[in-house]
Amino acid sequence: MELSWLQTFLIAAQYGNFRKAADVLFLSQPSVTVHIQNLEKELGVQLFLREKKRVELTKAGKRFIPHAQLLLTNYQNGIADMQSYSQGYSSQLSIAISPLIADTILPFVLKKYMTEHPHVEVSVKVVEALDIEREILADEVDIGLSCVRSNNPDLVCEVISKDKVLLIAPHDGIDSESAPVLEEEEVLTSNYLLTDNHPAYWEELNRHVRKKYPKIKTMKVSQIHVTKRFIVEGLGVSFLPESTVRKELLEGWLLEVPCPSIKLPEACTYVIMKDSHPKKLEFMAFLQNYRI
């Protein structure tokens, strides 16, 4: 049995059409027919019923689909493993991260980790914070880094860092030594407050802000990197984790506004995993020691 026959079978089963399968596989239609006939001969069963331009799976064909998928997956996994081995990797680590972490914390941490662990092949999958649990439970990844706590009893969830949340405004162009101190009330009441750019703290923070300033104007902006751009352009102000604006504060693009009358939350980073495998515990310990 040739693996190309299996691939042809699965594509033909997906589209229900040999011509379409030929186009997808860059084969001639007679070649697709030959692959299917050879596979049927090998298995001793008919896989498709031919009806003019369409083909339909037989009961045997439907039964064979998961076996064909498993055979191809095992082959592809074997090839990938041997390629990793040939490149000098002795182990693998797959990580699911939220876009916020991908855009701020992870690049610096990952560079240091890969320098210290050159034999670990790392792969990163960027998914929304609320989808990280699903990736871990389905064994799609080894470990997750999220800004949302997991309460799933089947998962381990640990805090690895805590981040101050700051009130951030655009730079006013005045030298910091001669500029007047920005006042919380003036900043919040004379600008749009850009909200909902972090999945963990905005619901409670909104209540605190509206209790203090009931007439405040708000605008929902779902991503922190977009929020920062909007602030720079003078479209509003926002409450953002310190790590996400550290560079812009140092470079003078943004300003921190003292916020004494509002109880500000902390933005936590969590490591989430399904089990306490030594490889995962080693990575978690590295993150904690690095103090991200």
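Within a 6.0 Å radius of CD in Q69, other residues, nucleotides and ligands contribute more than 12 heavy atoms. Within 6.0 Å of atom CD in E203, 12 or fewer heavy atoms from other residues, nucleotides or ligands are found, so the atom counts as exposed in its surroundings. For E185, the CD atom sits in a loose shell: 12 or fewer heavy atoms of surrounding residues, nucleotides or ligands are nearer than 6.0 Å.
A donor-acceptor pair under 3.5 Å is formed between the side chain of S146 and the backbone N or O of V148. For the pair T115 (side chain) and K111 (backbone), a donor-acceptor distance under 3.5 Å is present. Judged by distance alone, the side chain of T269 and the main-chain N or O of C147 form no donor-acceptor pair under 3.5 Å.
The aromatic rings of H198 and Y201 lie parallel to each other, their planes meeting at an angle below 30°, with 60° marking the opposite boundary.
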Problem set entry | Trace of the side-chain contact (heavy atoms from CB on, under 4.5 Å) decision for L137 with D154 | CA-CA 8 Å; L137 289 169; D154 296 324; 4.3 Å; yes
For this session: Let me see the working for I97 and V124 under side-chain contact (heavy atoms from CB on, under 4.5 Å), right down to the final yes or no.
Result: CA-CA 7 Å; I97 59 173; V124 176; 3.5 Å; yes
For this session: Apply side-chain contact (heavy atoms from CB on, under 4.5 Å) to the pair L47 and L39, showing each step before the final yes or no.
Result: CA-CA 9 Å; L47 298 172; L39 186 58; 3.7 Å; yes
For this session: Could you go through the side chain to side chain donor-acceptor pair (under 3.5 Å) check for S261 and E184 one step at a time?
Result: CA-CA 8 Å; S261 68; E184 167 196 316; 2.3 Å; yes
For this session: Let me see the working for L72 and Q7 under side-chain contact (heavy atoms from CB on, under 4.5 Å), right down to the final yes or no.
Result: CA-CA 8 Å; L72 273 180; Q7 187 176 29; 4.2 Å; yes
For this session: Starting from the C-alpha separation in whole Å, work towards a yes-or-no answer on salt bridge (charged side-chain N to carboxylate O under 4.0 Å, His left out) for K228 and E248.
Result: CA-CA 9 Å; K228 291 192 294 184; E248 289 83 0; 3.1 Å; yes
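Nearest heavy atoms, G252 versus H171: O-CD2, 3.0 Å. Summarising the geometry of I132 relative to G144, their closest heavy-atom pair is CG2-CA, 3.9 Å, with the distance given to 0.1 Å. In plain terms, the two heavy atoms of L255 and P170 that are nearest each other are CD1-O, 3.8 Å. L155 approaches E133 most closely through the heavy-atom pair CD1-CG, 3.8 Å. In plain terms, the two heavy atoms of R19 and N17 that are nearest each other are N-OD1, 2.8 Å. Taking all atoms of both residues into account, the shortest heavy-atom contact from R63 to H67 is O-CD2, 3.3 Å.
F283 and V141 fall into different hydrophobic clusters, where Ile, Leu, Val, Met, Phe, Trp and Tyr are joined by side-chain heavy atoms under 4.5 Å apart, directly or via other members. No continuous path of hydrophobic side-chain contacts links V127 to L145 [ILVMFWY only; heavy atoms under 4.5 Å]. Under the 4.5 Å side-chain contact rule for hydrophobic residues, V32 and I65 share a cluster. Both L43 and L3 sit in one connected hydrophobic cluster of ILVMFWY residues. Membership requires side-chain heavy atoms under 4.5 Å apart, directly or through other members. When the side chains of ILVMFWY residues are joined at heavy-atom separations under 4.5 Å, either directly or via intervening members, L130 and V159 end up in two distinct hydrophobic clusters.
Between F64 and L6, the closest side-chain pair of non-hydrogen atoms falls below 4.5 Å. Looking only at side-chain heavy atoms (C-beta outward), L240 and I231 come within less than 4.5 Å of each other. Side-chain contact between L182 and E186: absent, with no pair of heavy atoms (C-beta onward) separated by less than 4.5 Å. Counting only heavy atoms from C-beta outward, the side chains of E242 and V165 never approach each other to under 4.5 Å. Within the 4.5 Å cutoff, no side-chain heavy atoms of V156 are placed close to those of I272. Residues V226 and L194 are not in side-chain contact: their nearest non-hydrogen atoms beyond the backbone lie 4.5 Å or more apart. Between L49 and V55, the closest side-chain pair of non-hydrogen atoms is not below 4.5 Å. Residues V34 and S31 have side chains not in contact (no heavy-atom distance under 4.5 Å, counting atoms from C-beta outward).
Atom CG in L193 sits 6.5 Å away from atom CG in L188 (nearest 0.5 Å). Note that OG of S150 and CD1 of I136 are 7.5 Å apart. Values are rounded to the nearest 0.5 Å. Distance check, rounded to the nearest 0.5 Å: OG1 of T227 to NZ of K220 gives 13.0 Å. Distance check, rounded to the nearest 0.5 Å: CG of L281 to CD of E158 gives 9.5 Å. With values rounded to the nearest 0.5 angstrom, N197 atom CG is found 9.0 Å from L100 atom CG. Atom NZ in K162 sits 5.5 Å away from atom SG in C268 (nearest 0.5 Å).
Using modelled atom types and a 3.5 Å distance limit, the side chains of D196 and S222 yield no donor-acceptor pair. Side chains of T218 and R210: a donor on one and an acceptor on the other come within 3.5 Å.
In this view, D131 and R134 satisfy the salt bridge (charged side-chain N to carboxylate O under 4.0 Å, His left out) rule, not counting sequence neighbours. For F48, the ring pair (Phe, Tyr, Trp, His ring centres under 6.0 Å) partners two or more places apart in sequence, or in a different chain, are F9, F18.
A salt bridge links E40 with R50: the closest approach of a Lys/Arg side-chain nitrogen to an acidic carboxylate oxygen falls below 4.0 angstrom. A salt bridge links K274 with D139: at least one charged nitrogen is closer than 4.0 Å to a carboxylate oxygen. Salt-bridge annotation for E135 and K125: present, with a side-chain N of the basic residue lying under 4.0 Å from a carboxylate O of the acidic one.
Counting only residues at least two apart or in different chains, ring pair (Phe, Tyr, Trp, His ring centres under 6.0 Å) contacts with residues 209-259 are absent.
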